[in-house]
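Counting convention: from 1, in listed order, for ligands and their atoms alike. Everything numeric here is computed off the predicted structure, so don't read it as measured data. Numbers here simply count residues along the sequence, with the first being 1.
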Amino acid sequence: MTEFHKEQCFINGEWLGKGQTPITNPANDVQIALVPNMGADETKKAIAAAKAAFGPWSKLLAKERSAILRKWYELIVANADELGALLTKEQGKPLAEAKGEIMYAASFVEFYAEEAKRIYGETIPSPYPDGRIVVIRQPIGVIAAITPWNFPAAMITRKVAPAFAAGCTAVVKPAPDTPLTAFALAALAQEAGLPDGVLNVISGDAQAIGGAMCESPDVRAMTFTGSTAVGKILIKQCADTVKQMGLELGGNAPFIVFDDADVDAAVQGAMVSKFRNAGQTCVCANRIFVQSGVYEEFSKKLTIEVEKMKVGFGDEDGVTQGPLINDAAVAKVERLVGDAVGKGASVTTGGKLHELGGRFYEPTVLTNVTKNMDMTTNEIFGPVAPLYKFETEDEVVELANATEFGLASYFYARDLGRVWRVAEALDYGMVCINSGILSTEVAPFGGVKESGIGREGSRHGIEEFTETKYMLMSGI
Ligand code: NAP
């Protein structure tokens with residue numbers, strides 16, 4: 001079996017750097033690894049390695065790149081249990097969710113192994129009698145990827161798998177809380193036969209690494225998943241070298257339950273959409289709008305379901321919610337709940353730190369939430385379900401769209417006319433109807449407004465890693 005528990009960075013096929021920064025288990029603060037703290041110099045080295053690897057890698061046949069990606073996919077799947085356990089240890093999410101994330105991460109590698117062979121160009125009827133117009137798509141070059149801690153595996157493969165399929169090479173900076181999963185994925189890629197320099201993973205000082213990536217004219221695309229605030233910094237930093245930008249940023253998802261909804265299904269949908277990963281996903285329901293006719297029923301039923309949740313260490317049997325990632329996350333949730341309660345919200349369950357202490361927060365339902373409360377405009381990023389009451393379709397569409405974000409949205413309704421009207425009126429990159437979960441490798445994931453630029457997954461996810469070249473063949 002592959003030894004993929006690495007505590008070093010991966011540059012040009014070599015494991016480098018000595019342990020300086022402790023990585024801890026968020027459930028109990030116990031140190032689980034010491035990883036290097038790299039900066040601008042190592043980043044430049046990694047970019048140079050990726051640049052050198054680009055020529056040979058991009059010249060391989062698509063079928064050859066595809067075979068290596070396929071092998072990587074198979075190794076990830078074969079090691080899913082161990083990878084899941086590692087992910088739980090450094091990130092905290094329950095084991096079942098962690099394994100689910102590993103399989104989700106693998107699905108991007110599988111999908112883009114197939115897609116590598118389908119990077120089609122086009123021919124265009126020519127306006128010139130002696131000319132022919134051909135359009136081809138070529139890999140953009142070296143790409144830089146910066147990823148967050150909430151999906152330590154999937155956010156990496158969702159970016160690098162399409163890049164590799166297109167023929168690009170990559171320098172990746174994982175989140176500082178969760179580099180071990182990233183190193184493990186790199187070890188498996190190496191075993192799959194990915195040539196040296198195609199994938200480089202460096203952990204350390206975000207500003208130094210990010211700065212070197214943004215400044216380098218050799219990096220042709222920046223793909224980032226994280227907060228809108230950092231996304232804006234990266235846009236500014238990449239302006240001087242005019243890079244292609246792929247940005248998956250913050251969200252403020254509305255979850256709407258209309259009077260004609262199947263309320264039980266809506267409760268189940270809210271459970272997954274809100275409480276997966278302890279509420280720490282960019283597509284988590286952040287504002288739950290319930291029409292007045294079903295408000296009482298929905299809040300009672302949701303409270304009953306939430307009370308069934310089991311909080312604890314992610315690797316314990318039956319646990320459905322782990323800890324929050326760090327102390328700042330706990331403080332933010334406490335502040336937002338305190339603000340809401342202070343302004344008149346009622347707690348039907350939860351509402352405080354869990355008895356386990358540390359970073360464990362009770363799964364919470366709040367009723368009588370109103371738009372003047374801070375959680376209306378902030379990503380809660382915690383296990384708190386705020387219920388707002390509304391009366392009409394027009395009112396709720398306006399409320400749902402009253403945010404600078406536009407990533408995921410959800411609604412439950414059965415009237416077909418309403419389903420179309422609302423789906424078209426929601427100003428979001430993704431609309432999930434009568435379900436609480438929508439992420440899949442085959443569909444384009446991404447947001448509008450300040451939630452980002454570009455799409456990941458599906459055939460669209462490869463586009464930002466290719467350039468379109470127009471060739472006029474004349475003199476025929
Ligand atoms: P974050 O604070 O923006 O950090 C994301 C990554 O950016 C980390 O690796 C971070 O490293 C790095 N970073 C921070 N400042 C940087 C700089 N100046 N230059 C270069 N890199 C820098 O976000 P987070 O708290 O980890 O993740 C949560 C956010 O991600 C939420 O807003 C969530 O909605 C969003 N998200 C979006 C999606 C999506 O697909 N749209 C998916 C998941 C998460 P350091 O921690 O070392 O600073």
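At the shortest separation from atom 27 (O) of ligand 1 among protein heavy atoms lies P148 CB, 3.5 Å. Nearest protein heavy-atom contact of atom 35 (C) of ligand 1 is G226 O, 3.2 Å. Nearest protein heavy-atom neighbour of atom 16 (C) of ligand 1: V230 CG1, 3.6 Å. Scanning all protein heavy atoms for the shortest distance to atom 18 (N) of ligand 1 gives Q207 CG, 3.8 Å. In this structure, the protein non-hydrogen atom closest to atom 48 (O) of ligand 1 is A206 CB, 3.5 Å. Counting only heavy atoms of the protein, atom 44 (C) of ligand 1 lies nearest to N150 ND2, 3.3 Å. Distance from atom 12 (C) of ligand 1 to its nearest protein heavy atom, with residue and atom name: I146 CG2, 3.7 Å. Protein heavy atom closest to atom 47 (O) of ligand 1, with residue, atom name and distance, is P176 CG, 3.1 Å.
In terms of N/O distances under 3.5 Å, ligand 1 is approached by R158. Remark: ligand 1 and M155 share no N or O pair separated by less than 3.5 Å (distance only, no angle test). Checking only distances, S227 does come within under 3.5 Å of ligand 1, N or O to N or O. On a distance-only criterion, L249 and ligand 1 share at least one N/O pair closer than 3.5 Å. Among the atoms of K173, some N or O lies under 3.5 angstrom from an N or O of ligand 1. For T228, no nitrogen or oxygen atom sits less than 3.5 Å from a nitrogen or oxygen atom of ligand 1, counting backbone and side chain alike. Polar contact check, S451 against ligand 1: no nitrogen or oxygen pair lies under 3.5 Å apart. The shortest N/O to N/O separation between E379 and ligand 1 falls below 3.5 Å.
Atom NZ of K243 sits in a crowded spot, with more than 12 heavy atoms from other residues, nucleotides or ligands closer than 6.0 Å. The 12-atom threshold is not exceeded at NZ of K51, counting heavy atoms of other residues, nucleotides or ligands nearer than 6.0 Å. Residue K45 qualifies as open at atom NZ: its count of foreign heavy atoms under 6.0 Å is 12 or below.
Contact of the F381 side chain with the N150 side chain is registered, since non-hydrogen atoms from C-beta on lie closer than 4.5 Å. Between I325 and R359 the shortest side-chain heavy-atom distance does not fall below 4.5 Å. In this structure the side chain of Y388 reaches within 4.5 angstrom of the side chain of T376, judged on heavy atoms.
Cation-pi geometry between K93 and F151 is met: the NZ or CZ atom falls under 6.0 Å from the ring centre, inside 45° of the normal.
The aromatic ring centroids of F258 and F390 lie less than 6.0 Å from each other. No close placement of the F108 and Y73 rings is indicated, their centers lying 6.0 Å or farther apart. Ring centroid separation for the pair Y410 and Y428 does not come in under the 6.0 Å cut-off.
Taking every non-hydrogen atom of G210 and a distance limit under 4.0 Å, the qualifying atoms of ligand 1 come out as 20 (C). The T225 neighbourhood of ligand 1 comprises atoms 5 (C), 36 (N), 37 (C), 38 (C), 39 (C), 40 (O), 42 (C), 43 (C), 44 (C), with distances under 4.0 Å to a heavy atom of that residue. Taking every heavy atom of L407 and a limit of under 4.0 angstrom, the matching atoms of ligand 1 come to 41 (N).
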Could you walk me through whether E463 and R455 pass the salt bridge (charged side-chain N to carboxylate O under 4.0 Å, His left out) check? CA-CA 9 Å; E463 282 163 11; R455 294 294 179 270; over 6 Å; no

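Counting only non-hydrogen atoms, the option in W149, F381, F224 that gets closest to atom 7 (O) of ligand 1 is F224. For atom 42 (C) of ligand 1, the candidate residues are A408, A175, C282; the nearest heavy-atom contact is made by C282.
Ligand 1 lies out of reach of M430, whose nearest heavy atom is not under 4.0 Å from it. Ligand 1 lies nowhere less than 4.0 angstrom from a heavy atom belonging to G447. Not a single heavy atom of F151 sits under 4.0 Å from any atom of ligand 1.
Residue contacts with ligand 1 for T147 involve N, CA, C or O but no side-chain atom from C-beta outward (heavy atoms, distance under 4.0 Å).
Pairing each heavy atom of G436 with each of S273, the nearest pair is O-CB, 3.3 Å. I119 and A166 make their closest contact through CD1-CA, 3.6 Å (heavy atoms, listed as atom of the first residue, atom of the second, distance).
Of the protein's heavy atoms, at least one falls inside 4.0 Å of atom 1 (P) of ligand 1.
To the nearest 0.5 Å, the span separating CD on Q268 from CD1 on I437 amounts to 12.5 Å.
Of the candidates N25, T24, I32, N28 forms a side-chain contact (heavy atoms from CB on, under 4.5 Å) with just one, namely N25.
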